[in-house]
Amino acid sequence: MRVRGLWIGLTAVAVTATGCAAGTPDARESPSAAASSAPGADTSADAANLSPQERAARVVQQAMVGRRVTAFDIEARNVSDPAEFHGQGRIDMSSGRTRAAATHVLYEPGEDPWFPPDVVVIGNHAWVTPDNSPTTDSPTYGPTTYVGDAGAATDDSAVGNALQTRWLASPEHLAALIAHADHFRETDRGGRELTGRIALSTLAADPTGAFFYRPYAKASPGKEVSFTLVTGPDHLPVSLNMTVPFRHDDTDYLSQFTVDPFSVTYRDWGKGKSITPPAPSPSPQWGGLPPQNDPTTTQPAG
């Protein structure tokens, strides 16, 4: 049985994703109340007590939070995996942590047009705005549906994909990977390349990432996540590539894969506005072009 965890304890994200509309992940967890805050400024006494991994994690996290917003492309899991999704997104770190995200991600089996919904996640609240172009034969955007408790929306793959996207791209996630890494290496190749491996049990024990990693740790006990993070000279991430051990059922096409791959490619650091709840006539906040039509949204009063 495939085990999946979809929920993350970050405050906000906007994502547009393409994902499989059928089927709920086999396991889901609720997001934690809040993500950890960015580390404080380094002092000589403080830095002296940090491991190389902890120092590197702090530098990367501070660099990311200092730019406030960023956009990215994301690919999650193997092609033809029902839990696969890919697309684009933005995260908003204005509050010193990943407060909001906007996403445009979805599973795409290779035959149908790719029209992901726009999903804005702020804390445990989500707003889903569909792209209705496939049924209207013209660009039609909306209406928006408000999801008051994103963590409880266990049958909503769009919200689940958005929550995963927010976590995977966040400075909190990158800091957790780096700070807990074994076999850690940091090399200078014009920018920086950071590599390492982390026990799934360690990542599953972190309250902010447990929703994502705990199901993997249960399915693959004793296994490790491997990652490569490339940053520029300014310590801002350029790309994250990681593999998470997972063995599929032997009768499944996916049994040829022993890991789930994930990649995030960052761009547009510091560009764009803060992510907010969609307006009555919404425009995408994940970094795409505004829609040609702006139908009235449907949201609860208050």
Side-chain angles (χ1 to χ4, degrees), residues 8 10 35-44 46-77 89-91 93 96-98 101 164-210 212-213 216-217 220 223-246 259-270:
I8 180 70
L10 299 180
S36 57
S37 298
D42 281 337
T43 65
S44 57
D46 186 25
N49 294 323
L50 298 178
S51 68
Q53 294 95 314
E54 290 169 332
R55 284 195 295 272
R58 173 171 292 191
V59 168
V60 169
Q61 189 170 10
Q62 288 180 329
M64 294 177 73
V65 170
R67 291 299 181 95
R68 192 178 60 81
V69 291
T70 188
F72 54 86
D73 299 318
I74 186 168
E75 296 183 6
R77 304 188 178 91
R90 292 176 66 237
I91 52 175
M93 302 160 283
R97 62 184 183 186
T98 311
Q164 291 184 76
T165 298
R166 176 175 65 179
W167 171 241
L168 290 165
S170 72
E172 293 84 0
H173 180 225
L174 270 58
L177 291 175
I178 300 166
H180 297 303
D182 292 323
H183 309 288
F184 177 73
R185 294 187 62 187
E186 183 174 7
T187 56
D188 190 347
R189 300 184 178 181
R192 306 293 290 178
E193 183 176 277
L194 293 75
T195 61
R197 300 200 300 267
I198 314 95
L200 276 169
S201 58
T202 298
L203 294 170
D206 182 341
T208 56
F212 183 83
Y213 283 113
Y216 279 114
S220 303
K223 299 295 186 179
E224 293 181 317
V225 173
S226 296
F227 75 90
T228 299
L229 175 67
V230 177
T231 72
D234 52 7
H235 303 290
L236 292 171
V238 175
S239 64
L240 169 69
N241 288 279
M242 70 175 197
T243 56
V244 182
F246 187 85
V259 298
D260 279 355
F262 297 86
S263 69
V264 182
T265 304
Y266 296 87
R267 65 178 185 278
D268 296 335
W269 285 99

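Basis for what follows: all heavy atoms, side chains included, without hydrogens, waters or symmetry-related copies. Predicted model only: the values in this text are computed from it and were never measured.
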Item to check | Heavy-atom pair with the smallest gap, counting every atom of Leu168 and Leu174 | outcome: O-CD1, 3.8 Å
Tell me which donor-acceptor pairs under 3.5 Å the side chains of residues 232-240 have, and how far apart each pair is, sequence neighbours excluded?
unit_1: Asp234; atom_1: OD1; unit_2: Leu236; atom_2: N; d: 3.1

Item to check | Nearest heavy-atom neighbours spanning Arg90 and Ala71 | outcome: CG-CB, 3.8 Å
Checklist entry - Quick one: CG on Asp182 to CD1 on Ile198, what's the gap to the nearest 0.5 Å? => result 8.0 Å
Next on the checklist: Once rounded to the nearest 0.5 Å, what's the spacing between atom CZ of Phe184 and atom CZ of Phe227?
Outcome noted: 6.0 Å
Checklist outcome for this item: Output for pair (Leu177 CG, Thr228 OG1), nearest 0.5 Å, gives 10.5 Å
Checklist entry - Is the closest side-chain heavy-atom distance between Arg77 and Gln164 below 4.5 Å? => result yes
Item to check | By side chain to side chain donor-acceptor pair (under 3.5 Å) - contacts of Arg197 (at least two apart) | outcome: His183, Glu224
Checklist entry - Which pair of heavy atoms, one from Ser170 and one from Met64, lies closest together, and at what distance? => result C-CE, 4.1 Å
Next on the checklist: Can you list everything that forms a salt bridge (charged side-chain N to carboxylate O under 4.0 Å, His left out) with Glu75? Sequence neighbours excluded, please.
Outcome noted: none
Checklist entry - Side-chain contact, heavy-atom cut-off 4.5 Å: Ile178 with Gln61? => result no
Checklist entry - Taking only residues two or more places apart in sequence, or in another chain, which ones meet Ala76 in a side-chain contact (heavy atoms from CB on, under 4.5 Å)? => result Phe85, Phe262
Checklist entry - Is there a side-chain contact between Thr70 and Met93, using heavy atoms and a 4.5 Å cut-off? => result yes
Checklist outcome for this item: Here the pair of heavy atoms bringing Ala179 nearest to Gln53 is O-CB, 3.7 Å
Next on the checklist: Per the salt bridge (Lys or Arg N to Asp or Glu O under 4.0 Å) rule, what does the pair list look like for residues 200-210, sequence neighbours excluded?
Outcome noted: none
Item to check | Spatial distance of atom CZ (Arg267) from atom CG (Asp73) [nearest 0.5 Å] | outcome: 4.5 Å
Checklist entry - Within the distance-only criterion (no hydrogens, no angle test), does the side chain of Glu172 pair as donor or acceptor with the backbone N or O of Thr98 below 3.5 angstrom? => result yes
Checklist entry - Can you list the steps and then say if Tyr213 with Thr202 is a side-chain contact (heavy atoms from CB on, under 4.5 Å)? => result CA-CA 9 Å; Tyr213 283 113; Thr202 298; over 6 Å; no
Checklist entry - How far apart are the closest heavy atoms of Ala204 and Ala210, and which atoms are they? => result O-CB, 3.2 Å
Checklist entry - So how far is it from Phe246 CZ to Leu200 CG, rounded to the nearest 0.5 Å? => result 11.5 Å
Checklist entry - What's the shortest heavy-atom distance between Ala56 and Leu194, and which atoms? => result CB-CD2, 3.9 Å
Item to check | Distance, nearest 0.5 Å, that separates OG1 of Thr195 from CE of Met242 | outcome: 15.0 Å
Next on the checklist: Would you say that Leu203 contacts Tyr216 through its side chain, given a criterion of any heavy-atom pair below 4.5 Å between the two side chains?
Outcome noted: no
Item to check | Beyond-backbone contact of Phe212 with His173, side-chain heavy atoms, under 4.5 angstrom | outcome: no
Checklist entry - With a 4.5 Å heavy-atom cut-off, do Ile91 and Pro171 have their side chains touching? => result yes
Checklist outcome for this item: For Glu54, the side chain to side chain donor-acceptor pair (under 3.5 Å) test, sequence neighbours excluded, returns Ser51
